[in-house]
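Accompanying notes for the structure given below.
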Number of protein chains: 2
Amino acid sequence: MVQRERATIHEVAARAGVSEATVSRALRGLQHVAPETVEQVRRAAAELGYTPSRSAAALATGRARTVSVIVPGVASWFYAAVLEGVDDALRAAGYTVGLVSLSAPDGGRRPLTAAELHAGQAEAHVVIAFELDDDEQALLRATPAPIVTVGGAVEGVRGIGIPEEEAAGMVVEHLAALGHRRIGHIGADREDGLNPGIAAARRDAWRAAVARLGLEARPEWFASGAFRIEASRDAALRVLTGPERPTAIFAASDVSAFGVLLAAQALGLRVPQDLSVAGIDDHPYSAAHGLTTVRQSPREQGARAAAMLLRELGVRGPVPPATPIELVVRASTGPPA
Amino acid sequence: MVQRERATIHEVAARAGVSEATVSRALRGLQHVAPETVEQVRRAAAELGYTPSRSAAALATGRARTVSVIVPGVASWFYAAVLEGVDDALRAAGYTVGLVSLSAPDGGRRPLTAAELHAGQAEAHVVIAFELDDDEQALLRATPAPIVTVGGAVEGVRGIGIPEEEAAGMVVEHLAALGHRRIGHIGADREDGLNPGIAAARRDAWRAAVARLGLEARPEWFASGAFRIEASRDAALRVLTGPERPTAIFAASDVSAFGVLLAAQALGLRVPQDLSVAGIDDHPYSAAHGLTTVRQSPREQGARAAAMLLRELGVRGPVPPATPIELVVRASTGPPA
DNA sequence: TTGAAAGCGCTAACAC
DNA sequence: GTGTTAGCGCTTTCAA
């Protein structure tokens, strides 16, 4: 099929022998169009390779059929997966994603501003909220368009995420059930005004779960790895070279856990004989590393966020139920030697 | 600033006491507008929080100011980085990225079709070409809109990528210079009609470089890991348990190299004393793993692709020069024991 | 069930 | 330098 200039609704109407209005109605599946007319219009459109102009439709209706996805950057497994999930759900509804990546070329991050939020002319927004500072969170609350956050709850804004206490509890209980009495944690500190949600929740849950089991959560058994692999490795090196080192480490994310595994390797500690390690996420590399973890599906979370927004925008279709989180036991955890 | 209904150019014109055409000209920085008029218009626009409607502008000009990015999926470090690079460059030019992720929820991939390509109303396309089959490549050649591929060259379409033979040569020569005589390769096979470009290029370059150095490239020293971590681990296990195992492995990508490192660990081989490992990419986790690799910048490649297209679309601005690839030597390579 | 006409918010050609 | 006019390709009344 040779590419010519894009056909217009006018041409389709001429070819089908009907008016433009009828073509519009027929192609959008509106009621009160004779079945045979619909058929004619469809055929004419197909023959001309007609694709309706989004801009024209947007202008006429005032709805751009776009939902923006605000991400701190897209080069992170979690963010990318959420983005894919949103994309899936939107595509199915004839919507498109307006990507707003806040990552700057220098590795930094642009602030989220009203201009940034509105530039894409989106009807609604999915916001990954892990790294938002207070101003940015306030902006979300002040925005009239529907918003759903994923990861890192923002007060006053609907959010999708996993039950943090439960996830952390699953890991700690699993380790305790294996016989561990000294369970450390590599997570993250509150950083300069950024949303501390997830990091704090998992750290608190570690303390709570450990206490519940009658064990200790010694301060020196915690260190911040900022959810990054190198920093987590270094944090684990500190924790594991202390006087009475933990026999197990609960890492706040799988990437943190990879860092812990590297630290163990550097120290000559066998996993799981000398050190058990478990994370949260089920990162794509976790199975290969034999990492015990709590599985969550960011892709599904993205799809659910999009579905919620679409429903609010008047698009039919149910919001799929959330798959419960699940402990995935692999080779990185076992009884202490 | 309270959010009201979006202001229109009409309101700005009224407030500034000029015509809509003048507002349009002033805001777009066109010539022949009195400086003081520009100032008035700017102020009025700011006071009203005016943001021009993209759909209206697109309809009026016939240009959507959108470039689509076609990716097999976004949950891969490389693809995501390219996407960010494209996003950077487009944003700076007032363009937006139309994301077309071909990944399906079930883990599969939708085919790239003309409808998919045109649905976003993009003026041009950046296509990640690693996984395109013959039909899809033909589609690219038949598309009139400007296209640039990144990764996996497609005949007849401009592409951006690194010099493959040189990259592979750097790794092999580095290993040989350390004294290795048995250098294996974990890469990928040609898979069912997919673009075999990168995989074949690196494999051929391995053979050529090894031959050039007067060494052998025994068939049993190669195995396919399909660029995935588990498959690469398994491939490496096969290669490393053969009769005369290699003392060094050139992995076709850093992810493949991670798999090789896992295999070494499983076999109790010390890195680099018993086995040297090197890849290509400089993946974000590579530094933490101490992996020797050839650094390439997908983000920059994406930015360059976008810049090329923008220039073709008549947007001012230079195409940034490519940073040359570079061997990054880390702890995973050393002289054979 | 269908058509005619008006208009979405902007830009571009042409006057002045 | 600036205003006027006529669309861009759709959707949506309102009539018929």
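Throughout, a chain's letter reflects where its sequence line sits, starting with A, and its residues are numbered from 1. Computation of the quantities below employed the complete heavy-atom set of this structure, encompassing side-chain atoms and omitting hydrogens, waters and symmetry-equivalent molecules.
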In whole angstrom, what separates [X]'s [atom1] from [N]'s [atom2]?
| X | N | atom1 | atom2 | answer |
| --- | --- | --- | --- | --- |
| A:I9 | D:dC8 | CD1 | P | 14 Å |
| A:E20 | D:dT11 | CD | P | 10 Å |
| B:L59 | D:dA6 | CG | P | 18 Å |
| A:R63 | D:dT11 | CZ | P | 13 Å |
| A:L48 | D:dG9 | CG | C1' | 15 Å |

- [ ] Taking atom CZ of B:R42 as the centre, report whether more than 12 heavy atoms of other residues, nucleotides or ligands fall under 6.0 Å from it.
- [x] no
Task: Charged N-O contact under 4.0 Å between B:R65 and B:E123 - done: no
Open item on the list: At less than 4.0 Å, is any side-chain N or O atom of A:T61 found next to OP1 or OP2 of D:dT11? Yes or no.
Closed with: no
Task: Any A:S24 side-chain nitrogen or oxygen under 4.0 Å from OP1 or OP2 of D:dT11 - done: yes
- [ ] Can you check whether any acceptor in the base of D:dG3 is under 3.5 Å from a donor in the side chain of B:R25, or vice versa?
- [x] yes
TODO: May I ask you to say what A:A21 touches in the nucleic acid, namely base, sugar-phosphate or nothing, with a heavy-atom cut-off under 4.0 Å?
DONE: base
TODO: Mind checking B:T37 for me? I need base, sugar-phosphate or nothing, with any heavy atom below 4.0 Å counting as a touch.
DONE: sugar-phosphate
Task: Donor on one side chain, acceptor on other, A:S68 and A:H125, under 3.5 Å - done: yes
Open item on the list: For the residue pair A:R6 / B:Q121, report whether a side-chain donor-acceptor contact shorter than 3.5 Å exists.
Closed with: yes
Task: DNA chain D: 5'-proximal contact among B:A60 and B:Q31 (nearest heavy atom) - done: B:Q31
